[in-house]
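Structure first, then comments.
So that the names make sense, note that chain A is the first sequence line, chain B the second, and so on, each numbered from 1.
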Amino acid sequence: MPAITLPDGSLRQFPGAVTGTDVAASIGPGLAKAALAMEVNGRLKDLSEPIAEDSSVRFITRRDPEALELIRHDTAHVLAEAVQELFPGTQVTIGPSIENGFYYDFYRNEPFATADFAAIEAKMREIVARGAAFKRSVVSRADAVALFEKKGERFKVELIRDLPESETISLYSQGDWIDLCRGPHMRSTADIGNAFKLTKVAGAYWRGKPENPMLSRIYGTAWRDQKELDAHLTMIEEAEKRDHRRIGKEMNLFHLQEEATGSVFWHPKGWKLYRVLEDYMRRRLDAGEYQEVKTPQLVDRRLWEQSGHWEKFRHAMFLANVEDKDEADRVYALKPMNCPCHVQIFNQGLRSYRELPLRMAEFGACHRFEPSGALHGIMRVRAFTQDDAHIFCEEHQIAAETVRFVALLTAIYSDLGFSDFRVKFSDRPEVRAGDDATWDRAEGALKEACSIAGVDFELNPGEGAFYGPKLEFVLRDAIGRDWQCGTLQVDFVMPERLDALYVAEDGTRKRPVMLHRAILGSFERFLGILIEQHAGRFPLWLAPVQVVVATIVDDAIPHAKAVAEALRRAGLRVELDLRNEKINRKVVDHIEMRIPVLAIIGRREAELGQVVLRRLPGREQEVLSLSDAVERLANEAVPPDMLPLSSDAVAA
RNA sequence: GCUGUUGUAGCUCAGCGGUAGAGCACUCCCUUGGUAAGGGAGAGGUCCAGGGUUCGAUUCCCUGCAACAGCACCA
């Protein structure tokens, strides 16, 4: 006698176990037609699943967010069926729904090519049109293994064997095709619709392990209807226009070339942008009571052995030596990070607890031999500059320093246009330094600090640094990829290894705790994200060229030069466009170059000593006297941390 | 690093077993034009590198390098 509670609070009684289909039908033909699946006591289920006990039930229709996930998962099944029909001998593995779509991993001697997509998609549409019902069945482990062994699906067999004993093993069939799957699914393949598209093919290791065979992964995107699919495809196209690699070229910011794989050649405008950001960061750190230092690029391997980096990361370090006979055995490493060097500075002289917390900052140029496949534009490179700092403090200061750090990071991200970011808490990895008790303390301290700072994080198990747990501050690029930018790491290990000590209040020698922290992460990565975030159209204070002064006729050249000079004297970054081109053309060119302000000088302005200001890419403009124009732009170009009434400035 | 794709003018790309083409950019000339591309002429390429097949290779094959997509990695 199950009683079914519906989302509106209404109650329905049934004489015996009922399926979702029955319940929907009892409510009305509209719902019976629209319901794709249901949520029973908070868990998504097939409509055909019987409900025997009192439950609260919510039906999932195409309008619900859950529908997208169902559509995508079902589409993955259809993809697998299509592939096996078209390419006999292909083995199936797994095919989950993901953000915006789905993928399916296949094992086949020959990988798929995008050229195969048309045929596969056609077959998929055929399967959708057939509209075979998804049928669930529960089988014993032995039967499941036997079934997939018979079909030669060795990956499925492995999956089944590795399922925990408690797990019910369910199979889903659509027509003749059958797959191991937890479900749920919609009613039939017809519910998928036609708004899907295969997007790319790539390799992926079976179960993510490089020692396993490489599978061929087909990615696709799937939506409720064609309109959503089109919107998504348009969005992707738009996002590609914001790609920092493309904008870097278009705005002439930087380039990369073979002879310096993974290192950036900064062009004048890109370097200007870099320096504006660096200057801003330096002011922020000064205000935050950090002490800036500079440490060596080349450091003897002994120091890296002592810190533990040699053992764990030597394969990713650039090594250097010299031909000199006496020095031939000596190996230097280009520093892959700054912490051991900062400890060397800390270790000079005798430190007192009175000096703590001691915040040591460096814009540290680091080199890491990143795997070739990891390189990505300027976001993942082999030569980069961290906005690094190490806070040497006592254990009881961790929480206060974390609060302080999070406040600084939040203010900076907000100034740079990122009001939204995610935080991940990465705890102890399998391979690590330090004993479990130390890790317990470090993780506990960081978690407590988070709760005091009001930081909501998602847990990222096993992803901490080898010396301590870390917070990762994650930003998303134009294409939807996540990048770790800021980080805060609690480290009890490095001070021990590098023998850092201070004299405590009671006169004894103690080990400081080290907090490793970065806000941008690296200038290179952050600038890449920044470019994408603003699509190259930076706020005035950041723009590498803030104003272009453009003439309409040659008679206006002297006044244009005077205007440019006046703006420059007011600290603005100005370029002159005196070309023999029509003003229409100049407007277009500077819109393309993403110049924020165009100052237009014609004969009239030259005669009256005025300036026409036009904010690109807009069409509105205003006529101002030269002094008004200078004053206005100079005020607008003040960096946010230097605004007289900024609340941050007061707080700092 | 692994799987796949790609590499032709400064940029975006077309092309092809018989030593190269477009648009934009560049240079020069005409034009001085008032707010989203004025007109004309010219110059510019060891077709990523090295090997192989071939009478002949930018084109086909192999190797390397780099980039791109994904996976793995990320102190």
Rounded to the nearest Å, what distance is computed from the [atom1] atom of residue [X] to the [atom2] atom of nucleotide [N]?
X      : N     : atom1 : atom2 : value
A:N212 : B:A72 : CG    : P     : 12 Å
A:R615 : B:U35 : CZ    : P     : 20 Å
A:I601 : B:U35 : CD1   : P     : 16 Å
A:E463 : B:A72 : CD    : P     : 10 Å
A:Y205 : B:G1  : OH    : C1'   : 6 Å
A:I378 : B:C68 : CD1   : P     : 12 Å

Is the Lys NZ or Arg CZ of [X] less than 6.0 Å from the centre of [Y]'s six-membered ring, within 45° of the axis?
X      : Y      : result
A:R380 : A:W483 : no
A:R359 : A:F405 : no
A:R525 : A:F523 : no

Counting the atoms with a prime plus P, OP1 and OP2 as sugar-phosphate, which does [X] contact under 4.0 Å by heavy atoms, base, sugar-phosphate, or nothing?
X      : value
A:P336 : base
A:H376 : sugar-phosphate
A:Q257 : nothing
A:R481 : sugar-phosphate
A:E592 : base
A:D554 : base
A:G468 : nothing
A:S372 : base
A:R614 : base
A:A374 : base
A:K470 : sugar-phosphate
A:G208 : sugar-phosphate

Report yes if a side-chain nitrogen or oxygen of [X] is closer than 4.0 Å to either non-bridging phosphate oxygen (OP1 or OP2) of [N]; otherwise report no.
X      : N     : value
A:H315 : B:C73 : no
A:K582 : B:G38 : no
A:R585 : B:A36 : no

Same-atom distance ([atom1]) from [N] to [M], integer angstrom:
N     : M     : atom1 : answer
B:A43 : B:C55 : P     : 37 Å
B:C62 : B:U53 : C1'   : 11 Å
B:A9  : B:A20 : C1'   : 11 Å
B:G10 : B:C26 : C1'   : 8 Å
B:A66 : B:G23 : C1'   : 27 Å
B:G17 : B:U58 : C1'   : 10 Å
B:G7  : B:A49 : C1'   : 11 Å
B:G4  : B:U63 : P     : 11 Å

Measure from the side-chain heavy atoms of [X] and tell me the nearest of [options].
X      : options             : result
A:P210 : B:A36, B:A72, B:U32 : B:A72
A:N584 : B:A37, B:A75, B:G1  : B:A37
A:P617 : B:A69, B:C24, B:A36 : B:A36

Measure the acute angle between the ring planes of A:F318 and A:F369, then classify it against the limits of 30° and 60° as parallel, tilted or perpendicular.
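Taking A:F369 first and then A:F318, their aromatic rings stand perpendicular (interplane angle over 60°).
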Going by the angle between their ring planes, with limits at 30° and 60°, are A:Y413 and A:F421 parallel, tilted or perpendicular?
perpendicular
Letter per nucleotide, 5' to 3', of nucleotides 3-14 of chain B [B base touched, S only sugar-phosphate touched, - untouched; heavy atoms, 4.0 Å]
BS--B---SS--
A:Y219-B:G70 aromatic stacking (under 5.5 Å, under 30°):
no
Going through the checks in order, is the ring-ring contact (aromatic ring centres under 6.0 Å, His included) test met by A:F265 and A:H255?
CA-CA 5 Å; A:F265 288 79; A:H255 84 271; 4.5 Å; yes
Taking only Lys NZ, Arg NE, NH1 and NH2, and the carboxylate oxygens of Asp or Glu, determine whether [X] and [Y] approach each other closer than 4.0 Å.
X      : Y      : answer
A:D427 : A:K470 : no
A:R476 : A:E532 : no
A:R517 : A:D388 : no

With distance as the sole criterion, do the side chain of A:R245 and the base of B:C68 form a donor-acceptor contact below 3.5 Å?
no
Can you tell me whether the side chain of A:R380 and the base of B:C73 have a donor-acceptor pair closer than 3.5 Å?
yes
After noting the C-alpha distance and the side-chain angles of A:S426 and A:E472, does the key distance pass the side-chain hydrogen bond (donor to acceptor under 3.5 Å, both in side chains) rule?
CA-CA 7 Å; A:S426 299; A:E472 299 176 35; 2.7 Å; yes
